[in-house]
Engineer: 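Structure incoming, see below.
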Amino acid sequence: MSGFRLFLLFGAIVGLGVAAEPASVILISIDTLRADRLSAYGYRRFRTPNIDSYAQQGTLFTNIEAQVPLTLPSHTSLFASTYPFENQIEENAERVAPGVVTLASVLQSHGYKTAAFIGSVFLEKEMGLGPGFDTYDSPFHFEAFSPISGSMFFGGVNRREFAGRDRRDGALVLRAARAWMAANRDAPAFVFVHLFDLHKPYLRAGYDGELAYADQILGAFRQTLIQTGWWQRSLVVLLSDHGESLGEHGEDSHGYFIYESTLRVPLIVHWPDGAAGHPARDDGPGGLIDVAPTVLDFLHIAAPASFEGRSLLDAGNARGVYSETLYAHDGFGWAPLRALREGVYKYIEAPRPEFYNLAADPHEQINLYSKDSARARALKGDLRKLLAAHAPKQPASPASISPRTRELLASLGYLSGNQHAAAGGAMPDPKDRLAEYRLYETAQALLYDRRLEEAAVTFRRILARDPKNILARRDLGGTYVEQKLYGKARECFEQVVNNAPDDYMAQYELGIADKNLGLMHDAFEHLQVACRLAPGAEQCKKELDGLEK
């Protein structure tokens, strides 16, 4: 055992050979926070003193990457310490399989009281991260989700009015956490807090305004931790699930590309009293997949065999950091993007591959793939080996679709499966379809503002460029339904369900269009499929019951 590891061990001892109560763990995730927007990471437009203060008696990790720049997949990799392609949660609208071992379930099995306080519907308990938590405070409910867009849908006669909520204010999340912590001081605890205030659409003065608010409420939360003794006896981990592009590389938000603007995230660890010997700064590359093993390593709890990450406390165990996004692939049929970073070098696999030296070019402006082809090919080879070594044991199957529903889809002449996988041939590089994607975002904003005719015109512009864009065609159909142009809507949705038969919204709204066109038999069939895809969708049941009567 190294001297450093011995020091850590003896740091957990109080007095002469008497072990202290195990440290509690407080994990704070600030959704959509890019690392370089914190003053502790060099931001100079304004300061974030309260978030920065979490590094007091702690370590600032400066080169941590998300494994996927989307909320649910990133948190799944964080808690389960597995790659997204391995755990098969690669979009927001997918359910975590029962029985997955997570940081929460490990700590719970070691006597920890466990509680989660959630700020967004994307981590709603229904998505599967609840097991392992004694308390899972997520006051959200959605009725259905879309496997092709990663969207949740709420009930109500008009889905655009969102009868449910997609988020709650961070101050309310922290208030709920404080109340639980005040009532649970008698045993080691694992507390997970998720803040969603930085995510679009911004409710305050832009991204920096939201960040200033998060800094304010986290400052007050830290003071509470100090005053109640939690700060002194807890391992406090503050991080983000992914960043926000804010216009870099032409992307406004996140999920489309895998550049550092959306992958590089803060990781700040405050060590409890008595845990000395940790550096104030750690510049080694790592991933969110490594956080759970690091927590367990500090607590001297063996990591389960399923964990793929490595402890960041073991500096001699460095390896490549993997990241991916399938957002453009699943939504539009374009190529998936996968990346591997080793040291300062990063390779992005795409139809037009990319290779960067992040030390010399942190904003990834100079593609070195042709100039440094040997090193790029070596990283490409390492990426392929990693994918092969951690491939899932069985193909993904959406947890929301029962065998009976699949039988019904087959009986109606639909073929289940990924529309894009069946298409074959080379897929477009997302870089080459950026203008089309930005048009789609514009159309979505118009639809949100209920500027229906402008939205329809924009969706049609997209389809004129790419008639195979299933997501744009589905949303055009939805726009037509709201305009009561049911014949046009039916034409759109028929094409969509032939390619994506397990998309709830396409089946539901095709049923609504058929009903308004007097095609009652067809309406019944499509609403029956929709209701089976989303058993909790009350509006779907209401429409189906109306036809049966």
Engineer: Is Val68 close to Ser323 at the side-chain level, that is, under 4.5 Å between some pair of heavy atoms?
Structural biologist: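 No, too far: nothing below the 4.5 Å cut-off.
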Engineer: Please enumerate all residues that pass salt bridge (charged side-chain N to carboxylate O under 4.0 Å, His left out) together with Glu65, with sequence neighbours excluded.
Structural biologist: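 Residues passing salt bridge (charged side-chain N to carboxylate O under 4.0 Å, His left out) with Glu65: Arg341.
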Engineer: Who pairs with Pro304 by side-chain contact (heavy atoms from CB on, under 4.5 Å), at least two apart in sequence or on another chain?
Structural biologist: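 Result, side-chain contact (heavy atoms from CB on, under 4.5 Å) vs Pro304: Val101, Val106, Leu296, Ser306, Phe307.
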Engineer: Short question: side chain of Ser39, backbone of Thr48 - any donor-acceptor pair under 3.5 Å?
Structural biologist: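 The answer is yes, because a donor-acceptor pair under 3.5 Å joins these two groups.
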Engineer: Test of understanding: with salt bridge (charged side-chain N to carboxylate O under 4.0 Å, His left out), list the residues that count as partners of Arg264, not counting sequence neighbours.
Structural biologist: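 Once residues adjacent in sequence are excluded, Arg264 has no partner under the salt bridge (charged side-chain N to carboxylate O under 4.0 Å, His left out) criterion.
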Engineer: Just jot down the side chain to side chain donor-acceptor pair (under 3.5 Å) partners of Gln57, sequence neighbours excluded, or say none.
Structural biologist: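 Gln57 satisfies side chain to side chain donor-acceptor pair (under 3.5 Å) with Asp273 only.
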Engineer: Can you tell which of Leu195, Asp197, Leu198 makes a side-chain contact (heavy atoms from CB on, under 4.5 Å) with Tyr213?
Structural biologist: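 Of the listed options, the one satisfying the test is Asp197.
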Engineer: Would you say Arg37's side chain and Tyr43's backbone share a donor-acceptor pair under 3.5 angstrom?
Structural biologist: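 Judged by distance alone, no pair lies under 3.5 Å.
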Engineer: Which residues pass the ring pair (Phe, Tyr, Trp, His ring centres under 6.0 Å) test with Tyr347, not counting sequence neighbours?
Structural biologist: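 Ring pair (Phe, Tyr, Trp, His ring centres under 6.0 Å) list for Tyr347, sorted by chain: empty.
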Engineer: If you compare all heavy atoms of Lys346 against all heavy atoms of Leu263, which two are closest, and at what distance to 0.1 Å?
Structural biologist: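 Answer, listing the atom of Lys346 first, then Leu263: NZ-CD1, 3.8 Å.
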Engineer: At their closest point, which heavy atom of Arg222 faces which heavy atom of Gln56, and how far apart are they?
Structural biologist: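 It is NH2-OE1, 2.8 Å.
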Engineer: Would you give the length of the straight line joining atom CG of Leu313 to atom NE2 of His278, rounded to the nearest 0.5 angstrom?
Structural biologist: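 Reported to 0.5 Å precision, the distance equals 6.5 Å.
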Engineer: If we ignore angles and hydrogens, is there a donor and acceptor under 3.5 Å between the side chains of Thr262 and Ser245?
Structural biologist: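 Distance-only check fails for Thr262 and Ser245.
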Engineer: Please enumerate all residues that pass ring pair (Phe, Tyr, Trp, His ring centres under 6.0 Å) together with His270, with sequence neighbours excluded.
Structural biologist: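 His270 satisfies ring pair (Phe, Tyr, Trp, His ring centres under 6.0 Å) with Trp231 only.
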Engineer: Looking at Ala189, is its backbone amide N or carbonyl O close enough to the side chain of Ser24 to form a donor-acceptor pair, meaning the two atoms are under 3.5 Å apart?
Structural biologist: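 Yes.
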Engineer: Which heavy atom of Tyr256 sits nearest a heavy atom of Ala328, and at what distance?
Structural biologist: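 Nearest pair, atom of Tyr256 first, then Ala328: CE1-CB, 3.8 Å.
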Engineer: Backbone N or O of Phe122 within a donor-acceptor pair of the Ser120 side chain at under 3.5 Å?
Structural biologist: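 Looks like yes, one N/O pair under 3.5 Å.
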Engineer: Could you tell me whether the side chain of Asp297 and the main chain of Pro293 form a donor-acceptor pair under 3.5 Å?
Structural biologist: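 Between the backbone of Pro293 and the side chain of Asp297 there is no qualifying donor-acceptor contact (under 3.5 Å).
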Engineer: Donor-acceptor pair, distance only, cut-off 3.5 Å: does the side chain of Asp215 make one with the backbone of Asn50?
Structural biologist: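 It does hold such a pair.
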Engineer: What is the minimum heavy-atom distance between Pro501 and Val529, and which atoms define it?
Structural biologist: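 Heavy-atom minimum between the residues: O-CG1, 4.4 Å.
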Engineer: Asp36: which residues meet the side chain to side chain donor-acceptor pair (under 3.5 Å) condition with it, sequence neighbours left out?
Structural biologist: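 With sequence neighbours excluded, Asp36 shows a side chain to side chain donor-acceptor pair (under 3.5 Å) to Arg34, given in chain and number order.
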Engineer: Which residue pairs pass the salt bridge (Lys or Arg N to Asp or Glu O under 4.0 Å) test with at least one member in residues 180-196, sequence neighbours excluded?
Structural biologist: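 Qualifying pairs, neighbours excluded: Lys113-Asp186.
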Engineer: Holding to ring pair (Phe, Tyr, Trp, His ring centres under 6.0 Å), I want the full list of residues that pass it with His390, two or more places apart in sequence or in another chain.
Structural biologist: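 By the ring pair (Phe, Tyr, Trp, His ring centres under 6.0 Å) rule, His390 matches Tyr83.
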Engineer: Is it true that a side-chain atom of Gln232 and a backbone atom of Ile226 form a donor plus acceptor pair closer than 3.5 Å?
Structural biologist: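 Looks like yes, one N/O pair under 3.5 Å.
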Engineer: Please find the pair of heavy atoms, one from Tyr504 and one from Ala537, that lie closest to each other, and give the distance.
Structural biologist: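 Looks like OH-CB, 3.4 Å.
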Engineer: Does either side chain, that of Gln108 or that of Asp134, offer a donor lying less than 3.5 Å from an acceptor on the other one?
Structural biologist: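 Yes, Asp134 and Gln108 have a side-chain donor paired with an acceptor closer than 3.5 Å.
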Engineer: Taking salt bridge (charged side-chain N to carboxylate O under 4.0 Å, His left out) as the test, write out the residues that go with Arg168, two or more places apart.
Structural biologist: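 Per chain and number, Arg168 pairs via salt bridge (charged side-chain N to carboxylate O under 4.0 Å, His left out) with Asp137.
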Engineer: Would you say Asn63 and Asp283 are linked by a side-chain donor-acceptor pair, where the criterion is simply a distance under 3.5 Å?
Structural biologist: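 Looking only at side-chain atoms, Asn63 and Asp283 do not form any donor-acceptor pair under 3.5 Å.
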Engineer: Does the Ser74 side chain pair with the main chain of Pro69, one donor and one acceptor, at a distance under 3.5 Å?
Structural biologist: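 Pair absent, no side-chain N/O of Ser74 close to backbone of Pro69.
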Engineer: Could you tell me whether the side chains of Thr71 and Asp31 share a donor-acceptor contact shorter than 3.5 Å?
Structural biologist: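 There is such a pair between these side chains.
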Engineer: Does any N or O in the side chain of Ser105 come within less than 3.5 Å of the main-chain N or O of Thr102, such that one atom is a donor and the other an acceptor?
Structural biologist: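 Yes, because the side chain of Ser105 sits within donor-acceptor range (under 3.5 Å) of the backbone of Thr102.
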Engineer: Quick check on side-chain hydrogen bond (donor to acceptor under 3.5 Å, both in side chains): which of Lys380, Arg384, Arg338 does Glu349 satisfy it with?
Structural biologist: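 The single option meeting the side-chain hydrogen bond (donor to acceptor under 3.5 Å, both in side chains) with Glu349 is Arg384.
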Engineer: Check whether the ring centres of His242 and His75 lie less than 6.0 Å apart, and answer yes or no.
Structural biologist: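 Not close enough - the centres of the two rings lie 6.0 Å or further apart.
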Engineer: Using atom types as modelled and distance alone, determine if a side-chain donor or acceptor of Glu251 lies under 3.5 Å from a backbone N or O of Gly255.
Structural biologist: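 Yes: the side chain of Glu251 pairs with the backbone of Gly255.
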Engineer: Which residues pass the salt bridge (charged side-chain N to carboxylate O under 4.0 Å, His left out) test with Asp169, sequence neighbours left out?
Structural biologist: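 Here the qualifying residues are Arg204.
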Engineer: Are any non-hydrogen side-chain atoms of Leu288 and Leu267 less than 4.5 angstrom apart?
Structural biologist: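 Result no, sub-4.5 Å side-chain heavy-atom pair not found.
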Engineer: With no hydrogens and no angle check, just 3.5 Å: does a side-chain donor-acceptor pair link Thr32 and Glu244?
Structural biologist: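 Looking only at side-chain atoms, Glu244 and Thr32 do not form any donor-acceptor pair under 3.5 Å.
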Engineer: Listed by chain and number, what are the ring pair (Phe, Tyr, Trp, His ring centres under 6.0 Å) partners of Phe79, not counting sequence neighbours?
Structural biologist: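 Phe192.
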Engineer: So Phe117 and Tyr136, ring pair (Phe, Tyr, Trp, His ring centres under 6.0 Å) or not? Walk me through it.
Structural biologist: CA-CA 6 Å; Phe117 303 90; Tyr136 198 91; 9.2 Å; no
Engineer: Could you report the tightest heavy-atom contact between Thr59 and Pro279, atom names first, then the distance?
Structural biologist: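 The pair with the smallest heavy-atom distance is OG1-O, 2.5 Å.
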